[in-house]
Amino acid sequence: MLRARTGFDAVLLGDGSILAVGDDFACLPGPAQPGSETAERYDPATDTWTAAQSLNKPRKSFAMVGLADGRALVIGGTNPDDVLYSSTKLFDPGTGEWTDGPLLSVARGDPVAATLVDGSVLVGSVTSVGETTSTTTTEILDRDAAAWRAGPPIEGLSALSFTALTDGRVMAVADGFEIEGATLLFDPAAGTWQAIDGPSPFRHFRVVALDEGNALAISYDAFVLGRNATSQVKRFDSATGVWSDIASPVFPREGTMITRLPSGPLFFAGGASSDLSEPDGRALVSTELFDDPGVWTVSLDLLEPRKDGHAVTLDDGSVLIFGGDASFNVAGDVPWCPDPMTSTERVYLGS
């Protein structure tokens, strides 16, 4: 990559290229810094990164999604004065330019967002904070990306992630006062959130969508300095609404890069693990394929260890691995900034 980035986001555009935006020094508190407005673009045909037009101003902790029409949408975030943005920005791969998107009804810091099956976009963030409670308000952008409309709130909880399921619903993971890892489902047809049983006793879990509205929850057992020793997986059955135990990955890992292959399996690449000999953690080169409903297969090793990066499946079925780092906070200092990687790998797994 052209820039060693941390705290950035990336999406696959409609022309098959990848857009990477941001460098917000996510490891440090405070406002957006110069450089966080920068962007670059990967062309699979030439296997090169080139500079893309920057956002008009530095922007930190925004959400970014790909739209059904092939454009990218940047949502909310924080400006250089540590004030929240209500603005959104649209990137057109045809022109290579940013234009103003529709304004949010409220300014949103650290928003979470997902593009739904019907092409609409759901965004949410905490906009009401009390001593023992908070509320995540939401907005919905229809497929034409013309204007936002109010969505249903998630009362008493702070949404941590939205995952678009293949049946059109959205799964949210949220925390609240003395509540960790609450799980809810948003049904666009009904326009409501429904609390569901979570993958108990999972904490700090990550949700990945499967076919037919099913999902995986991937969790990790806490270890020294935030690295993790073992991983666990549960599967959500959309027909029954029940989570069930399935086999764990061959290699315990967290901070892994996950993408869906055209043939169906999920590809898990790199990440980090730890053991008694290396309690501070180590970055991994191992990869695995997951076939629903529960088969793990060891796949090709990466060329170098990497965690907390991005994995994007390209139109030809290959996977681009980029960003992230392989460094650890061995001194235990907070805040701490990793050493971001500029190297990329393109993985060809065959049909």
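Just the heavy atoms: all of them, side chains too, but no hydrogens, waters or symmetry mates, feed the values below.
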### Message
With side chain to side chain contact (heavy atoms under 4.5 Å, CB included) as the criterion, how do D9 and V74 come out once you've worked through the C-alpha distance, each side chain's angles and the decisive distance to 0.1 Å?
### Response
CA-CA 10 Å; D9 210 343; V74 164; over 6 Å; no

### Query
Heavy-atom distance under 4.5 Å between the side chains of V347 and F267, does that happen here?
yes

### Query
Distance from I75 atom CD1 to L141 atom CG, nearest 0.5 Å?
7.5 Å

### Message
Check this for me: D197, atom CG, are more than 12 non-hydrogen atoms of other residues, nucleotides or ligands nearer than 6.0 Å?
### Response
no

#### Entry: Listed partners of T192 passing side chain to side chain contact (heavy atoms under 4.5 Å, CB included), at least two apart
A190

### Task
Would you sort out whether F62 and S87 count as a side chain to side chain contact (heavy atoms under 4.5 Å, CB included), showing the intermediate values?
CA-CA 10 Å; F62 54 83; S87 62; over 6 Å; no

Got a list of side-chain donor-acceptor pairs under 3.5 Å for residues 149-156, not counting sequence neighbours?
from : atom 1 : to   : atom 2 : distance (Å)
R149 : NE     : D142 : OD1    : 3.4
R149 : NH2    : D142 : OD1    : 3.4
E155 : OE1    : T135 : OG1    : 3.4

### Connected via hydrophobic side-chain network under 4.5 Å: I179 and F162
yes

### Summary
So ring-ring contact (aromatic ring centres under 6.0 Å, His included) across residues 113-137, not counting sequence neighbours, yields none

### Task
Give the intermediate values and the outcome of side chain to side chain contact (heavy atoms under 4.5 Å, CB included) for residues S299 and E288.
CA-CA 5 Å; S299 189; E288 299 178 55; 5.8 Å; no

### Summary
Paired with L116, the side-chain contact (heavy atoms from CB on, under 4.5 Å) test is passed by just one of L122, L165, I140, namely L122

### Query
Got a salt bridge between K60 and D23, using NZ or NE/NH1/NH2 to carboxylate O under 4.0 Å?
no

### Query
Rounded to the nearest 0.5 Å, how far does CG of L73 lie from OG1 of T88?
5.0 Å

### Task
Evaluate side chain to side chain contact (heavy atoms under 4.5 Å, CB included) for L185 paired with D187, printing each intermediate quantity in order.
CA-CA 6 Å; L185 285 174; D187 183 347; over 6 Å; no

### side chain to side chain donor-acceptor pair (under 3.5 Å) between S273 and R253, intermediate numbers included
CA-CA 5 Å; S273 189; R253 65 180 81 235; over 6 Å; no

### Message
Quick one, P338 and D308 - any side-chain contact, counting heavy atoms below 4.5 Å?
### Response
no

### Query
How would you list, by chain and number, every residue that makes a side chain to side chain contact (heavy atoms under 4.5 Å, CB included) with S54, sequence neighbours excluded?
E37, T38

### Set of residues satisfying side chain to side chain contact (heavy atoms under 4.5 Å, CB included) with respect to P305, sequence neighbours excluded
A283, V285

### Query
In Å, rounded to the nearest 0.5 Å, how long is the span from CD of Q232 to CD1 of I246?
11.5 Å

Extract all donor-acceptor atom pairs below 3.5 Å that involve side chains of residues 100-114 and protein atoms in other chains or at least two apart in sequence.
from : atom 1 : to   : atom 2 : distance (Å)
D100 : OD1    : K89  : NZ     : 2.4
S105 : OG     : E139 : OE1    : 3.4
S105 : OG     : E139 : OE2    : 2.9
R108 : NE     : E139 : OE2    : 3.1
R108 : NH1    : S125 : OG     : 2.9
R108 : NH1    : T137 : O      : 3.0
R108 : NH1    : T137 : OG1    : 3.0
R108 : NH2    : T137 : OG1    : 3.2
R108 : NH2    : E139 : OE2    : 3.0
D110 : OD1    : S61  : OG     : 3.3

### Message
Would you say L90 ends up clustered with M64 if hydrophobic residues are merged whenever their side chains have heavy atoms under 4.5 Å apart, either directly or through other cluster members?
### Response
no

### Other ILVMFWY residues reachable from L84 by side-chain steps of under 4.5 Å
none

### Query
What heavy-atom pair brings P58 and A32 nearest, and what distance separates the two atoms?
C-CB, 3.8 Å

### Task
Taking the side chain as every heavy atom from C-beta outward, state whether F268 and M257 have any pair of such atoms under 4.5 Å apart.
no

### Message
Taking the basic N atoms (NZ, or NE/NH1/NH2) and the acidic carboxylate oxygens, is any pair closer than 4.0 Å for D325 and R5?
### Response
no

### Message
Can you pull out every side chain to side chain donor-acceptor pair (under 3.5 Å) where at least one residue sits in residues 167-179? Sequence neighbours excluded, please.
### Response
D167-R169

### Task
Kindly state each residue pair satisfying ring-ring contact (aromatic ring centres under 6.0 Å, His included) with at least one member in residues 95-153, sequence neighbours excluded.
F91-W98

### Task
Kindly give the heavy-atom pair with the smallest separation between F205 and A217, and that separation in Å.
CD1-CB, 3.9 Å

### Considering all heavy atoms, the nearest T78-P31 contact
CG2-CA, 4.4 Å

### Task
Quick one: name the residues clustered hydrophobically with V117, using the 4.5 Å side-chain heavy-atom rule over I, L, V, M, F, W, Y, and just say none if it's on its own.
none

### Message
So, taking the atom named OG in S238 and the one named CG in N214, what distance separates them when rounded to the nearest 0.5 Å?
### Response
4.0 Å

### Query
Side-chain contact, heavy-atom cut-off 4.5 Å: D316 with Y348?
yes

### Same apolar cluster: F290 and I218, side chain cutoff 4.5 Å
yes

### Query
Is the closest basic N to carboxylate O distance between R143 and D118 below 4.0 Å?
no

### Query
With a 4.5 Å limit on heavy-atom distance, are the side chains of L13 and V11 in contact?
yes

### Task
Kindly indicate, with the supporting measurements, whether the criterion side chain to side chain donor-acceptor pair (under 3.5 Å) is fulfilled by S318 and R346.
CA-CA 7 Å; S318 63; R346 193 165 173 179; 3.0 Å; yes

#### Entry: From CG (D301) to CD (E345), nearest 0.5 Å
10.0 Å

### Summary
Between T163 and A209, the two heavy atoms sitting closest are CG2-N, 4.1 Å

### Query
Between L302 and I321, which heavy-atom pair has the shortest distance, and what is it?
CD2-CG1, 4.2 Å

### Query
So do L210 and L216 actually touch side chain to side chain, heavy atoms under 4.5 Å?
yes

#### Entry: Side-chain heavy-atom pair Q53, D92 within 4.5 angstrom cut-off
no

### Message
Could you report the tightest heavy-atom contact between T115 and G66, atom names first, then the distance?
### Response
OG1-O, 2.8 Å

### Task
Please examine the side chains of D43 and T50, heavy atoms only from C-beta on, and report whether any two atoms are closer than 4.5 Å.
no

### Query
Salt-bridged, K57 to D81, with N to O below 4.0 Å?
no

### Task
Any pair with a residue in residues 290-346 that passes disulfide bond (SG atoms under 2.5 Å apart), sequence neighbours left out, goes on the list, sorted by first then second residue, please.
C27-C337

### Query
Which is it for S343 and R306 under the side chain to side chain donor-acceptor pair (under 3.5 Å) test, yes or no, and what are the steps along the way?
CA-CA 10 Å; S343 60; R306 189 186 306 258; 3.1 Å; yes

### Task
Take atom CD of E180 as the centre, draw a 6.0 Å sphere, and report whether it contains more than 12 heavy atoms from other residues, nucleotides or ligands.
yes

### Message
Test question: given the 4.5 Å side-chain rule for I, L, V, M, F, W and Y, name all other residues clustered with I18, or answer none.
### Response
M1, L2, F8, L12, Y42, W49, V312, L314, L320, F322

